[in-house]
2 protein chains.
Amino acid sequence: MKPDNQEETATCADLGDCGPAHACDHISRMLARISDKWSLLVVRVLGHGPRRFNALRREVGEISQKVLASTLRELEANGFVSRTVTHTTPPQVEYALTDLGREFLDPVRGLAEWVVANSARMDAARVAYSQRLASERQGV
Amino acid sequence: MKPDNQEETATCADLGDCGPAHACDHISRMLARISDKWSLLVVRVLGHGPRRFNALRREVGEISQKVLASTLRELEANGFVSRTVTHTTPPQVEYALTDLGREFLDPVRGLAEWVVANSARMDAARVAYSQRLASERQGV
DNA sequence: CGGGATCCTTATCGATACTG
DNA sequence: CAGTATCGATAAGGATCCCG
């Protein structure tokens, strides 16, 4: 399947000691586990404090209950989020960040802050890109 | 297209207090633009230096050419990646990070490093979670 | 209120084939 | 080599109903 005798992959070199190529595979899997459309967002919102299901849903934005539910289950499985049920009427379920989740909040905020701070540049790039496409369609 | 005031950009900036939902809506859109399964990974790999299409593909891992192509187009549109074509035989296309992309690399690395450093805890949480599920199925 | 089960509609992916 | 185009499979997503 993969008879590649790659001479050298300096790939993960600058990530501490993660050296050889198999490490990139590893990082890939872990990264894929959390980089879906909603996980980072939910973590960030929970960073403001514990939230109940529908409150969370309102804050996150245009997310369906199904997707939020599965996102929360994933986050719980990864150990980022705790789920506390109170059997009252109506029942009450509170989601909060665990220790791991709070630590994770750090890089997540870094990313979020960067994105917000540079959204104007990203938008500008988008405009430039579509203009470039348009002019290329007419003639180089 | 966007006649809103510039000060609006400061809305979610501090991220500690992101009250109203509309502010989070903005961050949500920007975050969603880059938090797919591959974008972060590709940016990270390109952080090691310019790469050609197939080299990139080999390094990133199990990604199809179609998905890599569309991911690269997205990254290019967002201004993170530049695409340089050399009309030789065989043709040669080199992808590299732009200035914006290199700056973006910073938070991306932060995230990647964190994930790698804490993958063991995430795995442990997974095990604990599935065990908890199993015991709940038998009897509370 | 929280969320599982179901159905149904899309968006996404992978494999193949074809161009420059 | 570096793609684009097309098509079938499939996973993700939304809507609705129902239960505790």
Side-chain angles (χ1 to χ4, degrees), chain A residues 1-2 4 6 28-29 31-42 45-46 50-77 81-96 129 132-133 136-137 139-140, chain B residues 28-29 31-42 45-46 50-77 81-96 129-130 132-134 136-137 139-140:
Chain A
M1 216 67 165
K2 258 177 72 178
D4 59 316
Q6 51 198 117
S28 165
R29 286 201 320 279
L31 215 49
R33 212 184 268 182
I34 50 94
S35 67
D36 62 287
K37 200 176 169 192
W38 299 110
S39 292
L40 297 178
L41 219 46
V42 170
V45 170
L46 281 179
R51 291 285 190 279
R52 288 171 51 190
F53 190 87
N54 281 326
L56 200 48
R57 189 177 169 192
R58 255 171 269 121
E59 266 186 82
V60 166
E62 294 302 311
I63 188 173
S64 66
Q65 58 64 6
K66 183 184 184 177
V67 175
L68 179 56
S70 68
T71 300
L72 284 169
R73 253 182 280 118
E74 260 301 295
L75 289 174
E76 202 192 344
V81 164
S82 68
R83 179 175 178 274
T84 311
V85 185
T86 312
H87 293 286
T88 56
T89 45
Q92 202 167 316
V93 181
E94 191 172 82
Y95 294 92
Y129 179 73
R132 195 162 359 112
L133 278 192
E136 274 171 14
R137 262 197 298 271
V140 190
Chain B
S28 164
R29 285 202 320 279
L31 215 49
R33 214 185 266 181
I34 50 94
S35 66
D36 62 287
K37 199 177 170 191
W38 298 109
S39 293
L40 297 177
L41 218 45
V42 170
V45 170
L46 280 179
R51 291 286 191 277
R52 289 171 49 191
F53 189 88
N54 281 326
L56 200 48
R57 189 177 168 190
R58 257 171 268 122
E59 268 185 79
V60 166
E62 295 301 313
I63 187 174
S64 67
Q65 57 60 7
K66 183 185 184 176
V67 175
L68 179 56
S70 67
T71 299
L72 284 170
R73 253 182 280 118
E74 261 301 295
L75 289 174
E76 202 192 345
V81 164
S82 68
R83 178 175 178 274
T84 311
V85 184
T86 313
H87 293 284
T88 56
T89 45
Q92 202 168 314
V93 182
E94 191 172 83
Y95 294 92
Y129 180 74
S130 54
R132 192 158 6 109
L133 279 192
E136 274 172 14
R137 264 195 297 269
V140 190

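This structure is a prediction, so every number in the text was calculated from the model and none was measured. Chain naming here is simple, since letters A, B, ... match the order of the sequence lines and numbering starts at 1 in each. Computation of the quantities below employed the complete heavy-atom set of this structure, encompassing side-chain atoms and omitting hydrogens, waters and symmetry-equivalent molecules.
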Discussion item. Measuring from atom OG1 of A:Thr71 to atom CG of A:Leu41, what distance do you get when rounded to the nearest 0.5 angstrom?
Written reply: 10.0 Å
Whole-Å distance separating the [atom1] atom of [X] from the [atom2] atom of [N]:
| X | N | atom1 | atom2 | result |
| --- | --- | --- | --- | --- |
| A:Arg73 | C:dG4 | CZ | C1' | 8 Å |
| A:Lys37 | C:dT12 | NZ | C1' | 13 Å |
| A:Gln65 | C:dG2 | CD | P | 11 Å |
| A:Leu68 | C:dC1 | CG | P | 15 Å |
| A:Tyr95 | C:dC1 | OH | C1' | 11 Å |
| A:Arg57 | C:dC1 | CZ | P | 11 Å |
| B:Lys66 | C:dA15 | NZ | C1' | 10 Å |
| B:Ile63 | C:dA15 | CD1 | P | 13 Å |

Worksheet item: Can we say B:Glu59 and B:Arg51 salt-bridge, meaning some charged N sits less than 4.0 Å from an Asp/Glu carboxylate O?
Response: yes
Discussion item. I'd like to know if the side chain of A:Ser39 and the backbone of A:Asp36 have a donor-acceptor N/O pair within less than 3.5 Å.
Written reply: no
Discussion item. At a heavy-atom distance below 4.0 Å, which nucleotide of DNA chain D is the first touched by chain B, and which is the last?
Written reply: D:dC1 to D:dC7
Worksheet item: So A:Val42 and A:Val45, side-chain contact (heavy atoms from CB on, under 4.5 Å) or not? Walk me through it.
Response: CA-CA 5 Å; A:Val42 170; A:Val45 170; 5.8 Å; no
Worksheet entry | Side chains of A:Leu72 and A:Phe53 in contact at under 4.5 Å (non-hydrogen atoms) | yes
Discussion item. Quick one, A:Glu76 and B:Tyr129 - any side-chain contact, counting heavy atoms below 4.5 Å?
Written reply: yes
Fill in: Sugar-phosphate only, base, or nothing, as touched by A:Gln92 at under 4.0 Å among non-hydrogen atoms
nothing
Discussion item. Give me the atom names and distance for the closest heavy-atom approach of B:Tyr95 to B:Arg83.
Written reply: OH-NE, 3.3 Å
Worksheet, complete the sentence: Assign each of A:Ser70 and B:Ser64 the nucleotide of DNA chain C bearing its closest heavy atom; nearer the 5' end lies the nucleotide of A:Ser70
Practice prompt. Would you please confirm or rule out a distance under 4.0 Å between OP1 or OP2 of C:dG2 and any side-chain N or O of A:Arg83?
Written response: no
